[in-house]
Each structure stands twice: as structure tokens, then as C-alpha cells.
Amino acid sequence: MNTQWHLPGELIERYTTGHLEPVQVMSVESHLMGCARCREAVPYEREWLADGWERIEEVVDRPRPRVVARVLRRCGVPEHVAVFLAATPALARGWLVAVTATVVCAVAVAHLVDSAGAARTVHPLLFFLAVAPVLPLAGIALAYGPHVDPVHETQAATPMAGSRSLLLRALAVLVCAIALTGLATPLLPGPPGLAAAWLLPSLALTATTLALATRVAPPVSAAVLVAAWFGAVAAGGELTGDRLALFSPAAQILYGAATVLLIPLVYLRRARFDPGEPRWNRPSASRN
């Protein structure tokens, strides 16, 4: 004797017309999952159902890539790398807005100082030249690690984890920051050569941040370098009497040389990158 219970017609009608409470809907749908007879009794439009499933598959199986990913793909970047870089936390809208606002503010300050005729005490370009090199450092500090990336644990188990993740995201942040700052450089007062004196310090500071990240977490190395850089800019002007001492041709040569030396060092020590996790929380050989 078949004792299986089936949905009454009145209940099916209330279900299809949307007149059931949420708890009742859950109960009905739970029954429909295991009862073919009741599923057949529920009226539906086959074309509508097929169209709905097709749209769901398009979203789940073929998600539309982000604008950043599409641009990178057009530039020849492999699809998996483009998708990974598009998800970089530091390239989120908030960071891009902050960088743009900082650059705009620096350009505005340069023009205000220049129009006020205060160049004898404060050079119009000083604020811009001091701020521009550290913009990539903030992005690198937010590029990788369990405290800044909501999917860090997930991607840490993939082949993209570790040094490759940090280096790719750091490169993306650096290119983005340099592009935004470079667009503002022609708008600055003064000679073009001096207005572009931020570029080599930016590269040198970025390489130094990555080199230090082989010993400490990127946020720590970035914060230390930002403080040291601003202190050096202020001290250089006081000690030499030249507000732009750290942007002189001799200083530019030092920045270039430091960058050339540090990039191979970062590559050789890439396996030692600190992902931002406490050292005491990592498994050690002595525990095995």
C-alpha cells in the first residue's frame, strides 16, 4: 500500500499564486524536491523555465569580467592573471578615488603656492614631489595579506598564492599610481623635467618596500618608508638649504641605481615574502 503523502490541490494553487507564508513555501519546496508526482502537478511554462536556467548558467558559469580585467585582456594579459588582478583589494574604487584626490590636491597646492609668490620659502612643486612617490606604497600595503584581502585564505591555496600574488598586485598598483600621477605632471607649474622628478623616487621606494617585505609584513614596511621619506624630505631642505635637495640630478642617479640593485634582490628573495601573518602563527620545522 502506497502511503506517501502528496500536496493537496488547494495547497499547490496557493503556492503558485504566492499566498503561502515563507515557512510554508520552504516546506512545499522541500517536498517537491523529492516527489516527481507533485512536481508534475505544479503548473509552469516550460519556455520560461528554460530561459531562466539559461540566464542563471550565464551568470554562474560565464560571469561578465570586470572592466579592469577586460582592459588587461586587450593588452595581452592572460585571462587568469587579468581576473586575479581585477580583484586586487588596493585597486578598489576607494583607493583609486583617494589617489586621484591626493594628486588633484597636490596639483592645486602647487598652483596656489606659485600664484602666491611664496617660492622663496616653499617651492611650488615640493608638496607634489614629496607625496607622489609614496602613493604606490599605500596600495602595496593593501595588496596582499589576511587582514586586507577578504578572500586571502581561499586564494592562498591556489598556485597564485605567495610571492607571485604580492609581486603581481604590487606591479598593478605601481602602474596605476604612476599612470594617475603622470597624467597630472603636465599640469604642474615649473619646468617639465623638475615636475617629473617624482618618478625615480617612486620606483626606488616601491622596490625598497618589496625588499623589506621579505622580512616584515608589507603594511609595516610601507609605513616605515613613508615616515622615513617625509622625514628625509624635511631634513634635506633644512640641512642643505635647498628644499628640493632630494630631487636633484645627483639624487636621481642614486634612486635609479637603488632601483636597479633592489629589483634583482627582490626577485632572489621572493620566497621569503612575509604574507602579513604573525611569525608565531606559522608552522615551523621544529614542531614537525
Side-chain angles (χ1 to χ4, degrees), residues 68 88-143 148 169-210 218-219 221-256 258-259:
V68 175
T88 300
L91 294 181
R93 186 179 304 173
W95 183 80
L96 294 174
V97 171
V99 171
T100 303
T102 302
V103 171
V104 171
C105 177
V107 173
V109 169
H111 282 282
L112 289 174
V113 173
D114 186 53
S115 62
R120 294 181 180 179
T121 56
V122 179
H123 196 282
L125 294 180
L126 181 60
F127 182 75
F128 181 87
L129 294 177
V131 171
V134 302
L135 293 179
L137 305 191
I140 292 174
L142 300 174
V148 297
R169 287 180 167 180
L171 179 62
V173 168
L174 176 64
V175 171
C176 184
I178 286 179
L180 292 174
T181 310
L183 291 174
T185 300
L187 305 177
L188 292 166
L194 181 58
W198 56 269
L199 180 57
L200 285 178
S202 179
L203 296 176
L205 287 173
T206 299
T208 305
T209 301
L210 294 175
S221 61
V224 169
L225 279 178
V226 169
W229 170 252
F230 286 141
V233 172
E238 294 294 332
L239 294 176
T240 64
D242 181 8
R243 299 283 181 179
L244 300 179
L246 265 67
F247 305 97
S248 63
Q252 296 293 325
I253 294 175
L254 293 178
Y255 299 139
T259 303

> What pair of heavy atoms forms the shortest contact from Ala197 to Gln252, and how long is it?
Replying inline: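 Here Ala197 and Gln252 meet closest at O-NE2, 3.1 Å.
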
> What's the spacing between Leu125 CG and Leu194 CG if we round to 0.5 Å?
Replying inline: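 Answer for the CG-CG pair, Leu125 versus Leu194, is 5.0 Å.
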
>> Rounded to the nearest 0.5 Å, what separates atom CG in Leu137 from atom OG1 in Thr209?
In response: 4.0 Å

Distance-only donor-acceptor pairs under 3.5 Å for side chains of residues 173-189, two or more places apart:
{"residue": "Thr181", "atom": "OG1", "partner": "Ala177", "partner atom": "O", "Å": "2.7"}
{"residue": "Thr185", "atom": "OG1", "partner": "Thr181", "partner atom": "O", "Å": "3.0"}
{"residue": "Thr185", "atom": "OG1", "partner": "Trp198", "partner atom": "NE1", "Å": "3.0"}

For residues 127-136, run the donor-acceptor check on the side chains, cut-off 3.5 Å, and write out each pair with its distance to 0.1 Å, sequence neighbours left out.
none

>> I'd like to know whether Thr208 forms a side-chain contact (heavy atoms from CB on, under 4.5 Å) with Thr259, so could you lay out the CA-CA distance, the side-chain angles of the two residues, the decisive distance to 0.1 Å, and finally the verdict.
In response: CA-CA 8 Å; Thr208 305; Thr259 303; over 6 Å; no

> Are any side-chain N or O atoms of Tyr255 and backbone N or O atoms of Leu205, one a donor and one an acceptor, separated by less than 3.5 Å?
Replying inline: no

